[in-house]
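Read the structure below first, then the notes.
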Amino acid sequence: MVLPTRLEVIGGLYEATAEVWSAKTKEEVLAAFSRAQSEGQKLTLAGAQRSFGEQYLPPHGGKVLDVSSLDRGAQIIEQEPDGSVWIRAGGGTTFRDLHEMFPSYRVSCPPTTDTITLAGALAACTHNSAGYFADAVRAFTLLTPRGQTLFCSEASSGLERELFEHVPGSFGALGVTTDIEIRLRPYDPNRWVMVQSVYAGPASGCLDALERTRDDPRFSEGAGAVIYGVRGHSIVLGDELLPAGDRPRVPQALLTGEDLAFQSITQSLVHRFPRLAERILTGAYPMGAGRFAPLYGFLFFQRSYDEAHRRMTRGGFDKALLQVFGARNRMPICHMSWFFPRAELRAFVEGYFSVLERYPGLEKIVEQQDIVLLGPCRWPCHSMGRTEEPIGTLTASFAVQRGATSEKRVREFMREVTTRSAEFSPGARVSLCKQIHAEGATLRRMHRGFSEAVARLRAHTDPSGLLTSRMLKVLLDT
């Protein structure tokens with residue numbers, strides 16, 4: 001007998017209680033599919049459970065299939081003349097696992113925390129400020145509820161080729177992914193990243209500076225902007241990979257060290273006192289300032305948030321210590337992103353702040369309002385779909401008290417931004433990777449292409465609709 005398990009989402013706003021089945025091999029995945037079919041059950045796939053929203057929570061009465069330990073491990077299968085290698089890795093392998101197995105190599109454009117599984121990153125079509133993780137993937141195996149084992153690659157044809165293009169960003173709607181072939185590039189631990197403050201000042205000059213920085217080839221590791229308050233102080237950072245051995249005599253960049261315990265305390269303080277984030281970042285990055293970062297710490301700079309959440313979840317002394325520093329239980333946060341065509345950058349940002357002005361006081365609980373610019377996206381199920389032109393994303397995080405007025409007002413604000421974006425930025429879409437504060441009809445309108453593509457392919461991989469989640473149910477059940 002499997003006892004129900006309580007699932008608590010990072011970010012503190014969602015949870016569920018459900019039976020959790022576990023599958024550590026491909027055979028166990030297919031057996032779970034067969035069992036669920038025979039029992040008339042619905043299954044929701046769960047990996048490392050690092051989502052902020054309802055991506056891995058089951059609808060009422062559904063079961064959860066935990067694939068976080070599925071075939072963990074990796075091996076080199078091919079070497080390129082430039083020193084890069086292709087590896088084949090199990091879907092449950094994490095980015096931390098990869099670093100431990102291949103310390104002399106790096107993966108391109110990973111998500112910003114290293115506890116996410118490779119299959120989870122592919123399912124969410126994650127990105128960082130330099131690009132998309134899926135661009136480094138050339139093939140994978142898909143296990144479907146119909147019992148199929150499909151090898152999907154760019155060189156495939158027919159259904160397998162379509163699945164290669166549509167699995168990234170499909171959030172487990174099409175099957176379980178494993179045997180992922182990923183390109184790793186040589187990694188020199190003596191190389192550092194310089195995080196440079198190229199602009200610090202009024203928001204009026206922020207977006208021009210961001211575009212210049214994003215288009216400057218010197219900042220190959222990416223660029224981003226943060227705006228505080230309602231069009232308040234802003235900072236634009238450019239990330240430059242320095243030559244091997246070149247370590248400037250400047251302080252280390254925030255959140256890039258290995259002192260995760262200390263950083264988790266900082267995270268809890270910022271969550272409890274959000275205005276502290278502005279003071280810390282403004283002090284660290286005045287105009288022209290630079291800070292160095294080890295490459296691994298730079299790529300996975302949000303590890304400390306994961307660490308703080310892990311300590312809160314574990315309870316005991318660790319939780320008590322964070323609560324001493326003001327952390328609320330589960331550190332509740334409203335955390336949402338919107339994508340938009342880069343051509344609509346100014347229209348979306350201005351529209352966002354015009355809505356924020358209608359909610360006085362919310363600017364006091366902002367933890368972040370970050371903007372990142374990305375190149376064109378080739379993946380149809382990404383939140384923006386396949387695009388010919390570059391895109392941008394704005395991510396907003398507000399520290400809230402669960403069930404209190406602060407949570408209600410922030411949810412209302414985010415829903416209004418989503419609804420009104422059709423007026424000020426017609427190409428905007430809600431990111432499916434974070435929390436989703438939007439009416440179901442609005443979400444389905446924005447992501448009609450996603451829903452239609454997934455429904456068409458599910459006719460071949462999951463005609464009975466075995467795989468679902470709270471999020472997928474809103475998008476696919478009409």
Ring-ring centroid check F450 H166, cutoff 6.0 Å
no
Is the distance between the ring centroids of H335 and F398 under 6.0 Å?
no
E8 side chain to Y14 backbone, donor-acceptor under 3.5 Å:
no
Taking R346's backbone N and O only, do any of them form a donor-acceptor pair with E350's side chain (distance below 3.5 Å, no angle check)?
no
CD-CD1 distance between E344 and I391, expressed to the nearest 0.5 angstrom:
12.0 Å
H447 side chain to V430 main-chain N or O, any donor-acceptor pair under 3.5 Å?
yes
Kindly say whether H437 contributes a backbone atom to a donor-acceptor pair with the side chain of R411 at under 3.5 angstrom?
no
Nearest heavy atoms of P274 and A399, plus distance in Å
CG-CB, 3.7 Å
Just do the salt bridge (charged side-chain N to carboxylate O under 4.0 Å, His left out) check on K473 and E54 with the steps written out, would you?
CA-CA 10 Å; K473 185 173 176 62; E54 298 179 289; over 6 Å; no
Please confirm whether the backbone N or O of L432 pairs with a side-chain atom of Q55, one donor and one acceptor, at under 3.5 Å?
yes
R106/D188 salt bridge by N-O under 4.0 Å criterion:
no
Could R402 and E15 be called an ion pair, given the rule that one side-chain N must be under 4.0 Å from one carboxylate O?
yes
Ring centres under 6.0 Å, that's the criterion: do Y359 and F413 meet it?
yes
Between I227 and F353, is the side-chain contact (heavy atoms from CB on, under 4.5 Å) condition met? List the steps.
CA-CA 10 Å; I227 301 176; F353 283 114; 3.6 Å; yes
Are R161 and E165 ion-paired here, with the side-chain N under 4.0 Å from a carboxylate O?
yes
Is the closest side-chain heavy-atom distance between T117 and T93 below 4.5 Å?
no
F52 CZ to T395 OG1 distance, which is reported to the nearest 0.5 Å:
10.0 Å
Using a cut-off of 6.0 Å, state whether more than 12 heavy atoms not belonging to E389 lie near its atom CD.
no
Let me confirm one number: the CZ-CG distance from F292 to L242, rounded to the nearest 0.5 Å.
10.5 Å
Got a donor-acceptor contact below 3.5 angstrom from the Y285 side chain to the G288 backbone?
no
A side-chain contact here means heavy atoms from C-beta on lying under 4.5 Å apart; do L237 and S197 qualify?
yes
Side chains of S234 and Q369: does their closest heavy-atom pair fall under 4.5 Å?
no
With side chains defined as the heavy atoms from C-beta onward, is the minimum distance between R358 and E416 less than 4.5 Å?
yes
I'd like to know if the side chain of T256 reaches the main chain of Q252, judged simply by a donor and an acceptor atom lying under 3.5 Å from each other, with no hydrogens or angles considered.
no
Heavy-atom neighbours of R279 CZ exceed 12 at 6.0 Å:
no
Testing the basics here: between N128 and L299, what is the closest heavy-atom pair and its distance to 0.1 Å?
ND2-CD2, 4.2 Å
Please report the C-alpha distance between S304 and Q267 in whole Å, then the side-chain angles of each, then the deciding distance to 0.1 Å, and finally whether the side chain to side chain donor-acceptor pair (under 3.5 Å) criterion is met.
CA-CA 7 Å; S304 57; Q267 289 281 11; 3.0 Å; yes
Please examine the side chains of K434 and S431, heavy atoms only from C-beta on, and report whether any two atoms are closer than 4.5 Å.
yes
Thinking salt bridges, do R138 and E181 make one under a 4.0 Å N-O criterion?
yes
Distance in Å, R409 CZ paired with M414 CE, rounded so as to fall on 0.5 Å steps
13.0 Å
Nearest heavy-atom neighbours spanning P58 and R470:
O-NE, 3.3 Å
Closest contact, heavy atoms only, G229 versus L356:
O-CD2, 3.8 Å
Would you call the rings of W338 and F348 parallel, tilted or perpendicular, taking 30° and 60° as the class edges?
tilted
Could you check S406 against I365 for side-chain contact (heavy atoms from CB on, under 4.5 Å), going step by step and ending with a plain yes or no?
CA-CA 9 Å; S406 59; I365 58 173; 4.2 Å; yes
What's the verdict on side chain to side chain donor-acceptor pair (under 3.5 Å) for T213 and D216, showing C-alpha distance, side-chain angles and the deciding distance?
CA-CA 5 Å; T213 307; D216 187 337; over 6 Å; no
Nearest atoms (heavy-atom pairs only) where G238 meets F219:
C-CD2, 3.3 Å
The test is ring-ring contact (aromatic ring centres under 6.0 Å, His included); show your working for F95 and F133 and say whether it passes.
CA-CA 11 Å; F95 289 90; F133 164 66; 5.3 Å; yes
To the nearest 0.5 Å, atom CG of L394 lies from atom OG of S421 at 11.5 Å
Taking all non-hydrogen atoms of both residues, which atom of S51 and which atom of I10 are closest, and how far apart?
O-CG2, 2.9 Å
What is the distance from atom CG of L255 to atom OG1 of T266, rounded to the nearest 0.5 Å?
7.5 Å
Would you sort out whether H99 and Y105 count as a ring-ring contact (aromatic ring centres under 6.0 Å, His included), showing the intermediate values?
CA-CA 7 Å; H99 180 64; Y105 295 90; over 10 Å; no
Would you check if F164 and E154 make a side-chain contact, meaning some heavy-atom pair closer than 4.5 Å?
yes
For the residue pair Y296 and F300, categorise the inter-ring angle as parallel (less than 30°), tilted (30 to 60°) or perpendicular (more than 60°).
tilted
Working note: Y199 + I235, criterion side-chain contact (heavy atoms from CB on, under 4.5 Å); need CA distance, chi angles, decisive distance, verdict.
CA-CA 5 Å; Y199 178 83; I235 301 170; over 6 Å; no
Yes or no on side chain to side chain donor-acceptor pair (under 3.5 Å) for S397 and E367, after CA distance, side-chain angles and deciding distance?
CA-CA 5 Å; S397 298; E367 285 193 24; 5.7 Å; no
Under a 4.0 Å N-O cut-off, is there an ion pair linking E278 with K364?
no
Ion pair check, E388 and R378, cut-off under 4.0 Å
no
Determine, step by step, whether R183 and S108 satisfy the side chain to side chain donor-acceptor pair (under 3.5 Å) criterion, reporting the C-alpha distance in whole Å, the side-chain angles of both residues, the deciding distance to 0.1 Å, and the verdict.
CA-CA 8 Å; R183 186 172 190 159; S108 296; over 6 Å; no
Any side-chain heavy-atom pair of R96 and E100 under 4.5 Å:
yes
Any donor-acceptor pair under 3.5 Å linking the side chain of T44 with the backbone of V64?
no
Could you tell me whether E423 and R420 have a side-chain N and a carboxylate O separated by less than 4.0 Å?
yes
Side-chain ion pair, D215 and R342, N-O less than 4.0 Å
yes
Within a strict 4.5 Å, meaning less than it, do heavy atoms of the I371 and L210 side chains meet?
yes
Judged by atom type as modelled, is there a donor-acceptor pair below 3.5 Å linking the side chain of D370 to the main-chain atoms of V226?
no
Ignoring hydrogens and angles, tell me if any N or O in the side chain of T393 forms a donor-acceptor pair with the backbone of F339 under 3.5 Å.
no
